[in-house]
Each structure stands twice: as C-alpha cells, then as structure tokens.
Amino acid sequence: MKNVAIIGSGTMGNGIAHTFAQFGYPVNLIDIHTDALEKAIQTISKNLDRQVAKGTITELNKSNTLNSITTFTDLQTGIAEADLIVEAATENIDLKLNIFKNLDAFAKPGAILASNTSSISITKIASVTNRGDQVIGMHFMNPVPVMKLVEVIRGYATSDDTTKKVMDLSLKLEKAPVEVNDYPGFVANRILMPMINEAIYTLYEGVAGVTEIDTVMKLGMAHPMGPLQLADFIGLDVCLAILNVLHTGFGNPKYAPCPLLVNMVTAGSKGIKSGEGFYNYADGAKAAKVAAKFSKS
C-alpha cells in the first residue's frame, strides 16, 4: 500500500494524515469544507513544530511531511488512486454508511476501506459495499501522532489478507496494532465508556465533586487523566453516541447513558470542543477550571 486517502479533516482525520505523511506515505486529505482543510493543515503544522522543538523530528522532516499531504473537496478525485482509504468522519452511522457506499463505488479494485469508528459495527459498515472482505476497522487513539495503539477490528467478512496488510502497515507507522472482533465498543470503548459513565453517575448522585472524582482516579489508579476530564477531551457528544451504541447493541441497562450526560450534550456542553463540559476551557486546556455548574465556590 503506497497511496493513502483520509476522509474527514477533524481531530482524528488530521492526526491520521499527519502520521501517515510523517512516515513517507503520500496522503490525500478529503473534506467537503475548504476551511476545515485549511484548519487541519494549520493544526498539523503546529503539531510538527512541537515535534521539532522537542527534537523528535527535523525541519526537513516537517517540510517533507507537509509536502506529502494534498487536500481535496471532491471524494471521487481524492480516492481515485488510493490503496488504503481511512474514514474518520463524525461518529454517525448514517453518515458513515453513505460514505462507504460512495467509497465502494469510486475506489479502485483491491483498495482497502477502513473506518476509524470507535464503536460502530464494521460488519454493518461493510454490508453497504460489495467488498466486505476488504473492509476493516482502524481505530486510532487521540492524539494520533503520539498514541501507539491501533485497534484493528475484523468485521464478519474481513479477510485474513486484509487484516494482515493493515496489521503490517500499522507496524510500519511504529504503532502497536491489536486485533479484535466486531462487537459493540470493540475492546477500548467497551471498557472505557462504562467507566466514564459511572464517573458521571458518581457526580450526578452527589458522591463527590468533579475534582475529587478525577483526583481519586489519577492518584489511586495511576490514570494520567481523570475520567471526567478525559470525557471532555473525547467529546461528551462522542461519549454519548458510543454509550448509545453499546446500550442498543447489547440491550443491557448497564450501558444506559447517565441523564446528566444526556442533558449536557442536549444543552451544547460537549467538553473542550465547545469550551466547556465538566471543566471550563476559556483559558486553554492546561488552565482548565471546574465548570461553574459543578463548582463548589
């Protein structure tokens, strides 16, 4: 696989594009919005600057990485020569199914179609294509250039050959691929989201405050970030969407999202992306304070 196309230029899409380009792959980054593509390239450039400042890459590496990325607003043109296409659009099943119908129609024969979905069934996504054996999940972690894990999700029809190619490619990106089967939430979010949901319930029921809950998990369980702040970074809307997938997929009430989470998302409080969730990010992520709604002062 030589040529890569990434669908979606948001946080995950630009991170995936950054990673592939840094390892020498020509990348076509595709989004329907020109301003989103411009913002993505600016973000990638800033992140590369951080790597240069830390001494992990050189200015030449940065230049080569940026030169390896070409932006497109037309899907058909952008994927025409791609050997691997990674969809990194919003976690919405109808949107993803529509994208994969188009990928199947326009991608060249033999191209692998991968989704960065964090919870939606790869088998369901593959069902709208005529190449189910070439559809697979590549669930990167945020921030993509830093985090090593890639959950490689096999759908019901995903072939051994497709799986091997994606596992091998992940290793070339200096990632740690882990093969998992296609069940709601896979492994990462099947375990992570109930923990986050329980932390929200702990706040909702008045057991402890935001700072106290996060501090217990950081100091007691050696988590680098507390579950409530992590939820803010993931996006509370994304957490809600994943919990709904788990709840629907398993039919088990233990996955039902906390009413507080539902209300926050409904009110537009989605975490760092909206400027406030359990914390307020008006002064930046590093200077975050507990949101006024949950502050004891």
Side-chain angles (χ1 to χ4, degrees), residues 1 3-20 25-37 39-40 69-142 144 150-159 162-163 165-166 169 182 184-186 189 235 237-238 240-242 244-245 248-249 273:
M1 290 184 282
N3 299 302
V4 179
I6 312 296
I7 313 297
S9 63
T11 300
M12 296 305 295
N14 73 58
I16 296 167
H18 173 157
T19 301
F20 274 103
Y25 290 89
V27 174
N28 288 353
L29 182 58
I30 305 163
D31 200 298
I32 58 174
H33 301 292
T34 303
D35 57 343
L37 289 167
K39 183 179 178 182
I69 302 172
T70 307
T71 59
F72 292 82
T73 54
D74 180 69
L75 178 72
Q76 186 171 357
T77 305
I79 69 170
E81 299 302 321
D83 303 302
L84 171 70
I85 304 165
V86 183
E87 170 272 317
T90 305
E91 193 75 349
N92 177 292
I93 189 166
D94 293 330
L95 174 62
K96 289 185 186 292
L97 294 181
N98 185 60
I99 288 172
F100 272 80
K101 285 179 184 177
N102 288 322
L103 296 183
D104 186 45
F106 301 138
K108 67 183 184 181
I112 291 176
L113 311 183
S115 176
N116 183 58
T117 179
S118 52
S119 64
I120 296 170
S121 169
I122 298 302
T123 302
K124 178 69 173 177
I125 290 172
S127 71
V128 300
T129 76
N130 293 306
R131 58 176 93 190
D133 60 320
Q134 295 164 225
V135 178
I136 196 165
M138 287 187 80
H139 181 205
F140 290 86
M141 305 294 132
N142 185 36
V144 181
V150 179
E151 259 189 320
V152 177
I153 304 108
R154 292 188 65 141
Y156 188 81
T158 307
S159 70
T162 296
T163 304
K165 285 178 178 177
V166 169
L169 178 61
D182 184 27
F186 318 131
N189 282 313
D237 53 335
V238 176
L240 178 59
I242 296 170
N244 283 331
V245 168
T248 301
K273 69 174 72 175

Could you check if a side-chain atom of [X] sits within less than 4.5 angstrom of a side-chain atom of [Y], using non-hydrogen atoms only?
X: L113; Y: E87; answer: no
X: L84; Y: Y25; answer: no
X: H18; Y: V144; answer: no

**Message:** Consider side chain to side chain contact (heavy atoms under 4.5 Å, CB included). Of L103, I99, L75, which one does I85 pass it with?
**Reply:**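 Of L103, I99, L75, side chain to side chain contact (heavy atoms under 4.5 Å, CB included) with I85 is met by L103 alone.
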**Asked** Knowing that exactly one of V238, I242, N244 qualifies, which makes a side chain to side chain contact (heavy atoms under 4.5 Å, CB included) with L240?
**Response**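 Running side chain to side chain contact (heavy atoms under 4.5 Å, CB included) over V238, I242, N244 with L240 returns exactly one hit, N244.
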**Prompt:** Taking the side chain from S115 and the backbone from T117, do they hold a donor-acceptor pair closer than 3.5 Å?
**Reply:**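 Yes.
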**Item:** Any donor-acceptor N or O pair under 3.5 Å, side chains S159, Q134
**Value:**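 Absent: no donor and acceptor within the cut-off.
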**Request:** Give a yes-or-no answer on whether the side chains of T123 and D182 include a donor-acceptor pair shorter than 3.5 Å.
**Result:**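 Yes, side-chain donor-acceptor contact under 3.5 Å.
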**Item:** Steps toward side-chain contact (heavy atoms from CB on, under 4.5 Å) verdict (I16, M138)
**Value:** CA-CA 10 Å; I16 296 167; M138 287 187 80; over 6 Å; no
Got a second to check how far [X]'s [atom1] is from [Y]'s [atom2], nearest 0.5 Å?
X: L97; Y: I120; atom1: CG; atom2: CD1; result: 7.5 Å
X: M12; Y: N116; atom1: CE; atom2: CG; result: 4.5 Å
X: D104; Y: R131; atom1: CG; atom2: CZ; result: 5.0 Å
X: F72; Y: I7; atom1: CZ; atom2: CD1; result: 10.5 Å
X: L37; Y: I30; atom1: CG; atom2: CD1; result: 9.0 Å
X: T129; Y: K101; atom1: OG1; atom2: NZ; result: 11.5 Å

Do you know the tightest heavy-atom contact between [X] and [Y]?
X: P184; Y: G249; result: CG-CA, 3.9 Å
X: G132; Y: A126; result: CA-CB, 4.1 Å
X: T158; Y: V135; result: OG1-O, 2.7 Å
X: S119; Y: V245; result: O-CG1, 3.6 Å
X: S118; Y: N189; result: O-ND2, 2.9 Å
X: K96; Y: A89; result: NZ-O, 3.2 Å

**Asked** Any chance NZ of K124 has more than 12 other-residue heavy atoms, nucleotides or ligands included, within less than 6.0 Å?
**Response**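 No - once you tally the heavy atoms of other residues, nucleotides and ligands closer than 6.0 Å, there are 12 at most.
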**Item:** Verdict with supporting geometry, V152 and I136, side-chain contact (heavy atoms from CB on, under 4.5 Å)
**Value:** CA-CA 7 Å; V152 177; I136 196 165; 3.6 Å; yes
